[in-house]
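Letters go in sequence order (proteins before strands), and every chain restarts at 1. This one's a predicted model, so the numbers in the text were calculated from it and none came from an experiment.
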There are 2 protein chains.
Amino acid sequence: MRFRWKRESRMLSAVMEDYIKAIYAIRSDGQERVSTSALADYLDVTAPTVSSMLKKLEERGLVDREEYKGVTLTEEGELVALEILRHHRLLEAFLTERLDYDWADVHDEADRLEHHVSDELTDRIAEALGNPGVDPHGDPIPDADLSLPEPGDTIRLATVAEGEPVVVRRIRHQGDEELRYLADAGIRPGVELEVVDVAPFGMVTAEIPGGEQSLPEEIARLIEVVPAAEADELEA
Amino acid sequence: MRFRWKRESRMLSAVMEDYIKAIYAIRSDGQERVSTSALADYLDVTAPTVSSMLKKLEERGLVDREEYKGVTLTEEGELVALEILRHHRLLEAFLTERLDYDWADVHDEADRLEHHVSDELTDRIAEALGNPGVDPHGDPIPDADLSLPEPGDTIRLATVAEGEPVVVRRIRHQGDEELRYLADAGIRPGVELEVVDVAPFGMVTAEIPGGEQSLPEEIARLIEVVPAAEADELEA
DNA sequence: TGCAGGGTTTAGATAAGTCTAATTCGCGAA
DNA sequence: TTCGCGAATTAGACTTATCTAAACCCTGCA
Ligand SMILES: [Mn+2]
Ligand SMILES: [Mn+2]
Ligand SMILES: [Mn+2]
Ligand SMILES: [Mn+2]
């Protein structure tokens, strides 16, 4: 009812939606303003390509742009990002829960479909799943009015002290590849683990239910955890 | 531009897939060779647009083309058509059976998604539904090796004799619009009806479970039926 | 048999999204 | 304060899919 008409009148291409999603992802990863080169890097295109696309997004009122300084999402751009994120995460949840996909194999499929499913279908999926708050990777799912559930505080596995038991809450990812790696290592949201060693270059060795696992820093950095004590509280 | 990978690393755009589907649909509707203008009409584009696309499809080995005479699908083109049809019809069946869609509201959604779902997802949907042989409109669903179940013989409602009880088997359609019209008229696959009158211009009046319905020729022509006697046999 | 009208193709333009090469800008170091 | 280097933008080209206008081919009717 509310935003449906907006989406129609917006009529963004899948490519534009990907730029908006990328700006949202990079910004929420720390940066205040998102640079042309950061986007080029993230989307695997050249800087001139990004530059011209940012001008189009500015014309459409989706980003605020300052020459040579980068962009930020406008309020409308933010809504677009949340809408696509809602599609993406609900698709991931649905594939996992209703079509027997492994949690580590749903991202790429969702990443394509997110641009083509209607809001109607998305809402039906949400309904069928009982309006879940998080997807299979622990990412919060924007609800129908596009407000994002506040995720609880977490810390990166790379910064956890040795000997402190923690529970995996969320796994950042850009593709199925990292997820597959972690799935094969026996790590997934909900698993309890304990860091037993941090070697040079950030290599983290953790004890997990099935034994021990060593993870390179780039991977350990993707894992968000909470202290096991806190996790227990929430269960109760 | 979004592309999909085919088994022989054959990459087709959604647009090309739509042309292949259209050629398949028009040809299976009688024509042996499909003309440029028939395609332009069906796809709602101009003749020059079709002409240039047909040359590209010929280069890719998907159609056999004869200048000024039209095209036919090659064996490979036929497989592409069947693959997309499998996606489309399984999506329609899934939306109807698992996400509470009305059978008359699934075509347009499936028509977009068919180009973006992977074969993997399609197979999982088929599995979840128990490998159905027909979709909600009575269209046969190609199985995993792309062989199309032979649909039983049917006749068009427009040609049914007055007073002969028949059962609706299949409803041809190009969009949700015709389906919505029929759904609102109380006609859907499985419904038993009897033609009570054929007026000038092909207007068909039929008795259906809820009363009587008059259908314009363009609509009546879309409905495929079998004699009620035959239908009963199959039930038994 | 010939030609006119209609369907088909060619020619040339446009919009989206991408690239490489060239140019311009900003900012930290000298 | 000025340079120079890297980041950003501009310029120009290419591909896909579409259009309109013009030229071309086929065929049925005279
Ligand atoms: Mn994902
Ligand atoms: Mn996710
Ligand atoms: Mn359909
Ligand atoms: Mn159908």
Side-chain angles (χ1 to χ4, degrees), chain A residues 9-23 26-27 30-72 77 80 84 111-112 115-116, chain B residues 1-6 10-23 26-27 30-72 77 80 84 111-112 114-116:
Chain A
S9 70
R10 258 196 249 113
M11 275 312 274
L12 298 183
S13 66
V15 172
M16 282 184 171
E17 290 181 347
D18 277 335
Y19 277 81
I20 297 293
K21 247 202 345 170
I23 294 166
I26 296 170
R27 188 230 38 194
Q31 274 63 55
E32 151 71 12
R33 236 195 189 85
V34 175
S35 70
T36 299
S37 54
L39 279 165
D41 196 58
Y42 188 94
L43 292 168
D44 201 29
V45 294
T46 62
T49 300
V50 173
S51 201
S52 83
M53 179 57 78
L54 291 182
K55 268 184 284 190
K56 286 174 201 155
L57 294 176
E58 184 185 34
E59 275 164 26
R60 300 225 188 190
L62 298 169
V63 304
D64 284 324
R65 176 168 160 275
E66 203 168 339
E67 290 231 318
Y68 293 98
K69 295 281 182 56
V71 293
T72 57
V80 171
I84 306 301
D111 226 29
R112 266 179 294 111
H115 308 292
H116 307 286
Chain B
M1 220 105 315
R2 281 282 184 288
F3 294 104
R4 61 179 297 109
W5 282 93
K6 285 296 161 60
R10 192 173 71 240
M11 206 165 53
L12 295 183
S13 67
V15 171
M16 282 182 170
E17 289 180 348
D18 277 335
Y19 278 82
I20 297 293
K21 246 201 348 170
I23 294 166
I26 295 170
R27 186 229 40 191
Q31 273 64 55
E32 153 69 13
R33 237 198 187 82
V34 175
S35 70
T36 299
S37 54
L39 279 165
D41 197 56
Y42 189 95
L43 292 168
D44 201 28
V45 293
T46 62
T49 300
V50 172
S51 201
S52 82
M53 178 58 77
L54 291 181
K55 268 184 285 190
K56 286 175 202 154
L57 294 176
E58 184 184 37
E59 276 165 26
R60 301 221 184 195
L62 297 169
V63 305
D64 284 326
R65 176 169 159 275
E66 203 167 340
E67 291 230 318
Y68 293 96
K69 296 281 182 57
V71 293
T72 57
V80 171
I84 306 302
D111 225 29
R112 266 178 294 111
E114 63 188 1
H115 308 292
H116 306 286

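- Residue whose closest nucleotide on DNA chain C sits further toward the 5' end, between B:Leu54 and A:Ala47: B:Leu54.
- Nearest nucleotide to the side chain of A:Lys56, out of D:dA17, C:dA21, C:dG17: C:dG17.
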TODO: Show your working on salt bridge (Lys or Arg N to Asp or Glu O under 4.0 Å) between A:Glu67 and A:Arg65 and close with a plain yes or no.
DONE: CA-CA 6 Å; A:Glu67 290 231 318; A:Arg65 176 168 160 275; 3.4 Å; yes
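- Put simply, A:Ser52 has no side-chain N or O that comes within less than 4.0 Å of OP1 or OP2 on D:dT10.
- Within the 4.5 Å cutoff, side-chain heavy atoms of B:Leu54 are placed close to those of B:Leu39.
- Listed nucleotides D:dT18, D:dT9, D:dA17 differ in distance to B:Ser13; the shortest reach to its side chain belongs to D:dA17.
- To the nearest angstrom, P of D:dA8 lies 11 Å from CG of A:Asp41.
- When the P atom of C:dT24 is taken as reference, atom NZ of A:Lys69 falls 20 Å away, rounded to whole Å.
- Comparing D:dC19, D:dA17, D:dT9 by their nearest atom to the side chain of B:Met53 picks out D:dA17.
- Nearest nucleotide to the B:Tyr19 side chain, out of C:dT10, D:dT27, D:dT18: D:dT18.
- Contacts of A:Thr36 with the nucleic acid, taken as non-hydrogen atoms under 4.0 Å apart, involve only primed sugar atoms and P, OP1 or OP2.
- Atom CG in B:Leu39 sits about 10 Å away from atom P in C:dT8, given to the nearest Å.
- Contact check, B:Thr49 against D:dT18: no side-chain N or O comes under 4.0 Å of OP1 or OP2.
- As rounded to whole Å, 14 Å separates atom C1' of C:dT23 from atom CD of A:Glu67.
- Between A:Tyr68 atom OH and C:dG28 atom P the separation is 17 Å, expressed in whole Å.
- At a threshold of 4.0 angstrom between heavy atoms, the contacts of A:Ser37 are confined to the sugar-phosphate backbone, with no base atom among them.
- In this structure, A:Ser35 reaches the sugar-phosphate backbone alone: every heavy-atom distance under 4.0 Å involves primed, P, OP1 or OP2 atoms, never a base.
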